[in-house]
Every structure is written in C-alpha cells, then in structure tokens.
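Inspection log for the structure reproduced underneath, given as structure tokens.
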Amino acid sequence: MSGGSGRRRPRLLLGAIVAVAAAGFAYWLVTMPEVVAADTLASRSPDLANGETVFNASGCASCHATPGQKDRLVLGGGLALASPFGTFHVPNISPDPNDGIGRWSEADFVTAVLKGTSPDGSHYYPAFPYPSYQHSSVDDVRDLFAYLKTLKPVQGRAPDHALPFPLDVRRNVGVWKALFLNGDAPASGKVLSDPIQRGAYLVNTLGHCAECHSPRNLLGAIVETQRFAGGPDPEGKGYVPNITARGIGDWSEDDLAYFLKTGETPDGDTTGGAMARVIRNTSLLTDQDRTAMAVYLKSLAPVEGPSRGHK
Amino acid sequence: MNRTGFFGVSLATLAVGIVVSGFGAMAQEDVIAKRKDAMKAAGKSMFGTLSQMSRDRKPYDQAEVNAALTQLDAFSKSLAPLYPESTKGAPRHGDYSASDKIWEDKAGFDARIAELAKEIAAHKDKINSLDELKASFPTLSRGCSGCHETFRIKNS
C-alpha cells in the first residue's frame with residue numbers, strides 16, 4: 001500500500017460515513033410520524049348525532065365490521081383486504097380496552113385519522129384511507145370518537161398484515177406519506193356549511209370515494225390526473241366504474257341521489273361488490289347530504305379512465 | 001311493458017327453470033346465456049315495474065304488481081340450476097359475470113338464493129297498495145344486492 005492512498009482512504013471513509021449518516025438522518029426526519037397534540041384540542045362536549053353521521057358518511061363499518069355477522073356496529077375488524085402489495089387485516093376499532101380503542105385518548109384518535117399515525121407512534125398503511133380522511137374537520141373526528149365509544153366492545157385482534165419486505169417496515173410508510181400526502185389543513189368553517197362544498201367534503205374526505213374509483217400508480221398512490229376515472233378493482237377481478245362525467249354523464253342528480261339511497265342504477269340494476277357495502281352507509285345519510293354528494297359528483301369534468309379489458 | 005308482456009316474461013322464466021332442471025348437462029355457454037336472460041327478465045320486473053311505481057314515476061297498477069311478483073317468484077326458484085360447477089372460470093363477457101366465489105362458497109350462495117326465494121314468496125300476492133309497495137321495495141331490492149355484493153363481478 002502506498003503512502004498517498006493511505007492518506008486518502010481515511011478521508012474517503014469519513015466522507016462515506018458522513019453521507020450515510022446524513023442520509024439516515026434525512027430518512028429519520030422525513031419518515032417521522034406526525035401527531036396531533038392533545039393541548040390543541042380545546043374542551044368541548046361531543047355531538048353524538050353528528051358522530052353517527054360521520055361514521056356513516058366515512059364508511060367505517062364497510063371495513064371494520066366483523067365479517068360473517070350482520071351487525072355493522074360490531075367493529076371487531078378482521079376483514080382481509082387483498083391488494084397488489086399484500087394482504088391487510090383490518091383492525092378492531094370497537095371500544096374494547098385491550099383489543100380495540102378503549103384506552104385511546106381523543107388525541108390518539110384524532111392523530112390516527114388525520115395523520116395516519118398510531119398511538120404507539122408508528123405509521124398506518126394507507127389501506128386506512130387517511131389520504132382522504134386527513135382533511136376531516138377536527139370536530140367531526142372528535143364526534144366520531146365519542147360515537148365509537150358508545151358502541152359495543154368486541155374482543156379479538158386481527159392478525160398482522162401479510163406484506164413482503166420492505167413494505168413490512170412501517171417506518172418506510174413515512175416516505176410514502178412524504179411523497180403523496182398533501183398536508184392541507186383539516187376542513188373547517190364554510191366548507192362544512194355550504195351545501196355544494198358539503199357535497200365535495202362528503203365525497204372527497206369522509207366518503208373517500210376516490211380511494212376505489214381511481215387508478216393507482218406503482219407505489220399505490222392515486223393517479224391524480226385520473227382521480228374518479230375508475231380503474232381495476234384493487235381487491236381482485238373486475239373494474240371499479242368511472243364516476244366523472246365520462247362515466248356517469250347520463251345519470252341525473254336525482255338518479256345519483258337515489259342510487260346512494262338504494263343501490264339502484266338508472267338502467268334497472270342493483271349495485272354489487274364493495275359498493276353494496278357503501279350503499280348500506282349512504283342509505284343512512286339524509287336526503288340533503290345525498291343530494292349534496294350527487295351535485296358535487298355531477299360537477300366532475302369528464303376524464304378518460306385507464307384502458308379496460310379483463311384483468 | 002304491457003301486461004301480456006309481463007305474463008310472457010313470467011312464463012318464459014318458468015319455462016327456463018323447467019328446461020334447465022331437466023337438462024343437467026347443458027353446454028356451458030347456453031347456461032350462461034340463459035342466466036343472463038333470466039337476470040334481465042327479473043330486472044324488468046324489479047325496476048321496470050316495482051321500482052318505477054315506488055318512485056311515483058309510473059301509476060300504481062295492481063295487476064302489473066302481481067305479475068311482477070309472480071315472475072320474480074318463479075325466477076328465484078329457477079336460479080340454483082343456472083349455476084352449475086361447469087361454468088366456474090368461464091370467460092367473462094358483457095358488463096357482469098358470475099364470480100368463482102359462487103362455487104368456492106357454495107353453501108353461502110345456496111343460502112342467499114334460498115333467502116331471496118323466501119323473501120319474494122313472502123311478498124307475492126301480499127302487496128295491495130302503493131304504500132305497501134313503497135314499504136316492501138327496499139327489502140326486495142336488498143335480495144338482489146345480497147347476491148350481487150359477493151357473487152357478481154363487474155367487468156366494465
């Protein structure tokens with residue numbers, strides 16, 4: 001070994017160590033789970049009726065209700081959600097203190113819904129649709145928490161998600177969040193009271209319609225240019241319809257509102273698949289809310305969806 | 001659709017049921033075409049008649065209501081043989097197809113059909129006014145979606 005390269009090597013090594021450390025620090029910083037601090041939540045008494053509306057509008061029961069029984073308010077979880085990335089097992093969100101959310105603080109719950117972060121400070125996978133829920137109004141989420149606490153505690157935990165490396169490392173979800181969560185503030189004020197904006201809020205945020213009715217990229221994020229334009233069913237075979245004017249241009253507002261109430265399409269069919277579960281939620285909303293959703297959906301400009309064909 | 005049409009549909013569906021139960025080994029494509037026709041005929045009763053009336057889009061007509069329920073009753077009883085195991089995994093055409101789950105969970109599927117038949121039979125000849133129709137329609141409609149939720153695939 002010559003003297004010259006002997007002097008260079010330690011410097012190279014040092015450089016490499018600094019680079020790795022910097023990358024590690026950047027990773028640590030970028031992937032740090034965000035939380036909502038308890039002291040930002042001013043004391044208030046919850047509105048349970050609104051909590052129930054939020055529960056129905058957000059479709060919580062569609063995934064969290066225990067499969068194989070008929071009561072949609074039994075939120076023991078356990079549904080297996082197939083996806084191109086692996087299988088997610090939906091958790092128990094009943095008020096059970098050991099297996100559900102019985103011991104959670106209100107701030108834990110608000111953090112979970114708005115930030116996608118669990119009470120132990122790790123990331124949830126975006127199979128939990130917080131990319132949509134992140135814009136929920138804080139009061140709506142607090143009312144929802146109070147409402148969930150009134151439901152029956154259910155024992156039992158779902159198995160762990162079945163995901164391959166590196167997706168099984170929850171910290172990596174922080175990278176996904178940095179790339180795809182837009183970080184806009186939760187909804188408040190006029191957005192919640194104006195009828196048209198209320199429709200947008202119900203469709204985009206609580207109803208999280210785009211989560212299924214949009215194609216996704218290789219990392220599983222919604223393709224923004226084709227939001228609501230339909231795509232392959234993430235749960236398996238078949239297609240989820242385009243709900244922009246390109247797909248439902250011939251539906252009237254009344255047709256849409258009636259569909260959300262009954263599951264009947266204008267061409268005389270009853271909806272099936274996961275949408276049947278959605279209708280069980282939307283059928284419990286007020287006519288006013290369903291009409292608001294219909295008005296907003298009818299306002300979506302026509303967008304061509306991904307090319308069809310059997311998957 | 002007029003009344004004669006409805007009786008025609010009812011008879012046709014009944015006939016489909018009889019024919020299908022008589023020929024176990026029918027060609028795969030034929031069975032699939034027949035069950036699609038049966039679904040379309042049931043859809044006409046459900047929506048062309050019952051839904052339109054319950055939404056006040058068409059005047060209430062007792063004879064039409066009875067005919068629709070008679071047709072649906074025959075339809076629900078004709079369903080089981082329209083889903084032979086031989087049609088599992090058949091190429092999917094058109095807007096909708098039968099899901100393989102029908103045969104993977106045969107007991108669940110059979111129970112659904114039985115429930116549908118029971119619901120329809122319970123309403124047959126029992127709906128005698130527009131108010132009764134409005135009250136019953138959601139139950140009948142859930143009979144359809146109960147199967148479509150799990151056992152049907154949307155192709156397009």
Side-chain angles (χ1 to χ4, degrees), chain A residues 61-62 65 67-70 72 79-80 82 212-213 229-243 246-248 252 254-255 257-284 287 305-311, chain B residues 1 36 39-58 68 72 88-102 104-105 107-109 111-112 115-116 134 136-156:
Chain A
S62 296
Q69 53 88 43
K70 286 189 172 171
R72 60 193 284 286
L79 180 73
C212 286
H213 286 280
D233 184 342
E235 286 186 67
K237 293 172 177 170
Y239 272 80
V240 182
N242 186 329
I243 53 170
R246 176 71 184 77
I248 55 168
S252 68
D254 186 44
D255 286 338
Y258 188 74
F259 173 74
L260 293 170
K261 183 176 183 178
T262 62
E264 293 165 41
T265 64
D267 59 355
D269 196 352
T270 52
T271 191
M275 197 62 200
R277 301 205 292 266
V278 176
I279 298 295
R280 277 200 283 281
N281 304 319
T282 55
S283 68
L284 299 169
D287 282 331
S307 62
R308 298 297 167 96
H310 293 314
K311 189 191 158 214
Chain B
M1 186 188 281
K36 287 193 175 185
M39 287 292 164
K40 281 176 189 157
K44 276 183 184 160
S45 295
M46 269 307 279
F47 298 96
T49 306
L50 303 180
S51 172
Q52 294 298 306
M53 286 180 192
S54 73
R55 293 179 75 182
D56 298 317
R57 291 184 163 191
K58 191 172 168 176
L72 288 168
K88 182 181 178 181
R92 291 189 274 129
H93 302 295
D95 289 343
Y96 298 101
S97 295
S99 167
D100 286 353
K101 286 181 187 162
I102 289 173
E104 288 157 7
D105 178 17
F109 180 69
R112 271 279 168 215
E115 204 172 311
L116 174 73
K134 285 183 176 180
S136 300
F137 189 76
T139 312
L140 294 170
S141 177
R142 273 196 294 276
C144 302
S145 60
C147 252
H148 293 168
E149 175 174 359
T150 315
F151 299 112
R152 182 175 74 166
I153 294 176
K154 186 167 174 62
N155 291 331
S156 58

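Lettering of chains follows the sequences in order, A, B, ..., and the numbering in each one begins at 1. Both backbone and side-chain heavy atoms feed into the values below; hydrogens, waters and symmetry mates do not.
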Are any of the side-chain nitrogens in A/D269 or B/R152 under 4.0 Å away from the carboxylate oxygens of its partner?
yes

Should A/Y258 and B/S51 count as side-chain neighbours, where that means a heavy-atom distance under 4.5 Å?
yes

Would you give the length of the straight line joining atom OG of B/S54 to atom CD of A/E264, rounded to the nearest 0.5 angstrom?
6.5 Å

Chain A heavy atoms under 4.5 Å from B/F137: which part of the residue, side chain, backbone, both or neither?
side chain

Go through the structure and list residues passing side chain to side chain contact (heavy atoms under 4.5 Å, CB included) with B/S145, not counting sequence neighbours.
A/T270, B/R142

So does B/K101 have more than 12 non-hydrogen atoms from other groups sitting under 6.0 Å from NZ?
no

Go through it in stages, so that I can follow the logic: the residues are A/R280 and B/E149, the test is side-chain contact (heavy atoms from CB on, under 4.5 Å), and I'd like the CA-CA distance, side-chain angles, deciding distance and then a yes or no.
CA-CA 11 Å; A/R280 277 200 283 281; B/E149 175 174 359; 3.0 Å; yes

Interatomic distance, B/D95 atom CG to A/D267 atom CG [nearest 0.5 angstrom]:
8.0 Å

A/K261, NZ: over 12 other non-hydrogen atoms inside 6.0 angstrom:
no

List the steps and the verdict of side-chain contact (heavy atoms from CB on, under 4.5 Å) for B/R55 and A/D254.
CA-CA 11 Å; B/R55 293 179 75 182; A/D254 186 44; 3.5 Å; yes

